[in-house]
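Values in this document were obtained by computation on a predicted structure and should not be read as measured data. Residue numbers start from 1 in every chain, and the chains themselves are labelled A, B, ... in the order their sequence lines are given, proteins ahead of strands.
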2 protein chains.
Amino acid sequence: MDDASALPHATSPKHQQIVRAAEALFLAHGYGAVSMDAVARQAGVSKATLYAHFVSKDGLFASIVADKGQDNPVVESLFPDTVADLRAALREIGQRLLRFMLRDRTLSILRIAIAESARFPELGVAFYANGPQKFRDRFRAWLDTLAAQGLVETPDTLTATYQFMALLRSDMFLRAGLGLPPPPGEAEIDATVTNAVETWLRAYAARA
Amino acid sequence: MDDASALPHATSPKHQQIVRAAEALFLAHGYGAVSMDAVARQAGVSKATLYAHFVSKDGLFASIVADKGQDNPVVESLFPDTVADLRAALREIGQRLLRFMLRDRTLSILRIAIAESARFPELGVAFYANGPQKFRDRFRAWLDTLAAQGLVETPDTLTATYQFMALLRSDMFLRAGLGLPPPPGEAEIDATVTNAVETWLRAYAARA
DNA sequence: GTCTATAGGCCGATAGAC
DNA sequence: GTCTATCGGCCTATAGAC
């Protein structure tokens, strides 16, 4: 997003101050509610300096949000080639994914992406590609290896993947996205994962 | 929200023009992106008239959104006391609910509720209560009667309800909420409903 | 590169005539 | 009740000194 030939280098201390401040403010309050004055104040620089590093508010916002969602719960060790206990493996994956989806940071990015999807269509695309799509592809590939080993039975591992993710979200993801109190507790998360895994296994576990 | 003793009557023609204009603009563009000038222009009244009917922009927005989400797909005839074909009944309910959730109007309201849930916390509560919660309660009551008849088997009809709704949403609800192209097609909706019903039946249909 | 100071515009909200 | 006209403020963005 930056023009490296004209704009200061991204490793400059003030640049990083600006990025940190903008990230915190945009994620917390959204695009419209954050002014460039507020970003400059929080970053401890003048507005002119801010505009020396980023061409516009749009540009600043886009460069901030474009780099988000890079972290995700896809850890290779979660998807072992050989599985002794399918139920336990699914629970571990489910716990990891659901807790990631319910993190404040994840929900903040989701809210921004949904709220500004009309003004910045690429936001929705980036969020989906970096988050759900990345997990979906990795999980589906894992299911394919399990299917080849006869551990799961389905002609459609893509649908099985979508359903696993949907069962995990249950209604907690919607409720958390809407900011409904109370926030999900440990017990509720554990129970949702267990229920999701049991229902999914009834549909897709090999009938021995 | 209005002070009936000081503000013009809600049945006034100009009042309705304002409400219609504000509803269209807020749902299409969100709270921050819509100015009172724009509402007045689209309604064909002056800004002073607008402020004679609504005390502030916040008040206008709240009174608009508070009345949304009253329509929902809960139709009593969808939940018959006796069910000859459980699969067919679930498919009919699923088709109805999923198509409702994917309507432009529903998604617009959802986006607004999520985007402005920080500034207007009651928005998220109202959306959830008028939409998902209403369907959830009605569907669960229906499942209870089916369980009493031995058609479904579960000690936890609430979880079974959440899972049915989640399986229907699959990932289409998230994708549509993020505005990702292309919008869901007929074939995709039909297939998602079928897959949801089949997976749910494997988990909860009585083993006869 | 960074600052102070400000241009120029749009915003929400109101005053006052009719 | 409805209008025209306008206020004061905050916004994005920039000019000019250092």
Return the value, rounded to whole Å, for the distance between atom CZ of B:Phe54 and atom P of C:dT14. 16 Å
Atom CD of B:Gln16 and atom P of D:dG1 are separated, to the nearest Å, by 14 Å
Counting primed atoms, P, OP1 and OP2 as sugar-phosphate and everything else as base, the B/S/- map of nucleotides 10-15 of chain D against protein heavy atoms under 4.0 Å is -SBBBB
For a quick test of reading the model: is some side-chain N or O of B:Thr49 closer than 4.0 Å to OP1 or OP2 of D:dC3? yes
Atom-pair distance (NE2 on B:His53; C1' on C:dT14), nearest Å: 16 Å
For A:Phe61 and A:Phe26, take the angle between the two ring planes, folded into 0 to 90°, and tell me which bin it lands in: parallel under 30, tilted 30 to 60, perpendicular over 60. perpendicular
For the pair B:Lys57 (side chain) and B:Val34 (backbone), establish whether a donor and an acceptor sit closer than 3.5 Å, ignoring hydrogens and angles. yes
State whether the side chain of A:Ser170 and the backbone N or O of A:Leu167 hold a donor-acceptor pair below 3.5 Å, judged by distance alone. no
Taking only the side-chain heavy atoms of A:Ala52 (C-beta and beyond), determine which of C:dT2, D:dC3, C:dC3 contains the nearest atom. C:dT2
As a test of understanding, state which of B:Lys134, B:Arg140, B:Gln133 forms a side chain to side chain contact (heavy atoms under 4.5 Å, CB included) with B:Asp137. B:Gln133
Any donor-acceptor pair under 3.5 Å from B:Trp200 side chain to B:Thr161 backbone: no
Test side chain to side chain contact (heavy atoms under 4.5 Å, CB included), reference A:Met165, set A:Phe139, A:Phe135, A:Phe173, output is A:Phe135
